S.K.: 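Here it is, the structure, as structure tokens.
What you see is a predicted model, and the numbers here were worked out from it, not measured in a lab. Only heavy atoms go into these numbers, but all of them, side chains included; no hydrogens, no water, no symmetry mates.
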Amino acid sequence: MARVSQEHLDARRRQILDGAARLFARNGFHATSMQDVLKEVDLSAGAVYRYFSGKDELIAAIVKEVLGEIRAAFEDVSRHSPPPPPDILVGLVLGRTLRVWPSLNSDGEALFPRLMLQVWAETVRNEELAAVLTEVYTELRERWVLAVEAYQKAGMMRSDIPAEHAARTMIAAVQGFIAQQALFGAAPVEVLQDGLRALTSMRDEGTATGGSQLG
């Protein structure tokens, strides 16, 4: 019997992940069965279960792959000291993340944001997935905190605001942008970048004049 190459095994795993991701993005997790996945990727049950034990393992693998891309994007920009400004950094990280599955957009649909919305919703009932996503979020927050601290050290950002607060806000901006794309249609990353530039260009007149209060 001929030995199966690692390249073949990797390609088969990629085929299964891509097919499952397309189905999950379009139909949701609960409306997608493993039988649907088998039909989508045109493989036998034995071929698919050799790589993944079921839907939960497929979902976890998808989330971990996104984390890997985010980690790689941060490693790329971490070579700069300080990192690029927040709007540029957000664009680099988000742009790379949205390109994780080019096949999700081959038919004109921006399915990746819809897939992420499904993942976030699934964590409410799936404790194992919630743990994976918590790991993703924790690492992402730590990396953003390091970036913010570098901005503060370089005098690019106010140092009187906790770095974690700024990091959480940048993560929220990215998550919100992905949610908007899922709900209301695709938009280029430049939209978010322009918005961040506008917001960060505002002057704090209240602080300059001794402070102001709302209400």
S.K.: Apply the side chain to side chain contact (heavy atoms under 4.5 Å, CB included) test between T123 and each candidate in T134, L129, I59; give the one that qualifies.
M.R.: L129
S.K.: Indicate the atoms forming the closest heavy-atom contact of A186 with Q181, along with that distance.
M.R.: CA-OE1, 3.5 Å
S.K.: Inspect the contact between E149 and K153 and indicate whether a charged nitrogen and a carboxylate oxygen are less than 4.0 angstrom apart.
M.R.: no
S.K.: In Å and rounded to the nearest 0.5 Å, what is the OG1 to CD distance from T169 to E164?
M.R.: 10.5 Å
S.K.: Is any side-chain heavy atom of L192 closer than 4.5 Å to a side-chain heavy atom of V90?
M.R.: yes
S.K.: State plainly whether one hydrophobic cluster holds both V119 and I171, where clusters connect Ile, Leu, Val, Met, Phe, Trp and Tyr through side-chain heavy atoms under 4.5 angstrom apart.
M.R.: yes
S.K.: Does CD belonging to E128 count more than 12 external heavy atoms closer than 6.0 Å?
M.R.: no
S.K.: Do L115 and W120 share a hydrophobic cluster, counting only Ile, Leu, Val, Met, Phe, Trp and Tyr and linking them when any side-chain heavy atoms are less than 4.5 Å apart?
M.R.: yes
S.K.: For Q15 versus V41, what's the shortest heavy-atom pair and its separation?
M.R.: NE2-O, 2.7 Å
S.K.: Just so I know, are the side chains of F24 and Q118 near enough to count as touching, which here means a heavy-atom distance under 4.5 Å?
M.R.: no
S.K.: Looking at Q6, I want to see if its CD is surrounded by more than 12 non-hydrogen atoms of other residues, nucleotides or ligands under 6.0 Å.
M.R.: yes
S.K.: Could you tell me whether R14 and D18 make a salt bridge, using a distance below 4.0 angstrom between a side-chain N and a carboxylate O?
M.R.: yes
S.K.: Is there side-chain contact between L43 and V37, with at least one heavy-atom pair below 4.5 Å?
M.R.: no
S.K.: In sequence, state the C-alpha distance, the side-chain angles, and the governing distance for E122 and H30, and then conclude on side chain to side chain contact (heavy atoms under 4.5 Å, CB included).
M.R.: CA-CA 9 Å; E122 184 69 6; H30 297 290; 3.3 Å; yes
S.K.: I'd like to know whether CG of D10 has more than 12 heavy-atom contacts from other residues, nucleotides or ligands below 6.0 angstrom.
M.R.: yes
S.K.: Taking the side chain as every heavy atom from C-beta outward, state whether V191 and F177 have any pair of such atoms under 4.5 Å apart.
M.R.: yes
S.K.: Run R50 and L9 through side chain to side chain contact (heavy atoms under 4.5 Å, CB included) and show every step you take.
M.R.: CA-CA 10 Å; R50 176 179 182 178; L9 294 173; 3.7 Å; yes
S.K.: Starting at CD of Q35, measure out to CG of L38 and round the result to the nearest 0.5 Å.
M.R.: 5.0 Å
S.K.: Indicate, with yes or no, if M202 and I161 share a hydrophobic cluster defined by side-chain heavy-atom contacts under 4.5 Å among Ile, Leu, Val, Met, Phe, Trp and Tyr.
M.R.: no
S.K.: What's the shortest heavy-atom distance between V148 and M157, and which atoms?
M.R.: CG1-SD, 3.7 Å
S.K.: Please determine whether residues V174 and V145 belong to a single hydrophobic cluster, defined as Ile, Leu, Val, Met, Phe, Trp and Tyr linked transitively by side-chain heavy-atom distances below 4.5 Å.
M.R.: no
S.K.: For the residue pair M116 and Q175, establish whether any side-chain heavy-atom pair is separated by less than 4.5 Å.
M.R.: no
S.K.: Give the minimum heavy-atom separation between M34 and G54, together with the two atoms involved.
M.R.: SD-C, 3.9 Å
S.K.: Would you please name every residue forming a side chain to side chain donor-acceptor pair (under 3.5 Å) with R197, sequence neighbours left out?
M.R.: D87, D194
S.K.: Pair Y51, L58 - check side chain to side chain contact (heavy atoms under 4.5 Å, CB included), show working.
M.R.: CA-CA 9 Å; Y51 297 89; L58 272 168; over 6 Å; no
S.K.: Less than 4.5 Å apart, any side-chain heavy atom of R26 and any of T32?
M.R.: no
S.K.: Nearest 0.5 Å, what's the OG1-CE distance between T200 and M156?
M.R.: 10.0 Å
S.K.: Can you find a pair of side-chain heavy atoms, one from P84 and one from L92, that are under 4.5 Å apart?
M.R.: yes
S.K.: Quick check for you: to the nearest 0.5 Å, what is the distance between I178 atom CD1 and L117 atom CG?
M.R.: 9.5 Å
S.K.: With a 3.5 Å distance limit and no angle check, can you tell me whether E40 reaches the backbone of L23 through a side-chain donor-acceptor pair?
M.R.: no
S.K.: Shortest non-hydrogen contact from A167 to W144?
M.R.: CB-CB, 3.6 Å
S.K.: Can you list the residues that meet the ring pair (Phe, Tyr, Trp, His ring centres under 6.0 Å) rule with F52, with sequence neighbours excluded?
M.R.: none
S.K.: Passes side chain to side chain contact (heavy atoms under 4.5 Å, CB included), R158 versus Q152? Steps please.
M.R.: CA-CA 6 Å; R158 288 175 52 171; Q152 293 174 333; over 6 Å; no
S.K.: When rounded to the nearest 0.5 angstrom, what distance separates CE in M170 from CG in L89?
M.R.: 7.0 Å
S.K.: Give the minimum heavy-atom separation between P86 and L196, together with the two atoms involved.
M.R.: O-CD1, 4.5 Å
S.K.: Would you say V124 and F29 are hydrophobically clustered, going by side-chain heavy atoms of ILVMFWY under 4.5 Å?
M.R.: no
S.K.: Just so I know, are the side chains of Y137 and R168 near enough to count as touching, which here means a heavy-atom distance under 4.5 Å?
M.R.: yes
S.K.: Mark yes or no for whether K55, through its side chain, and S33, through its backbone, hold a donor-acceptor pair below 3.5 Å.
M.R.: no
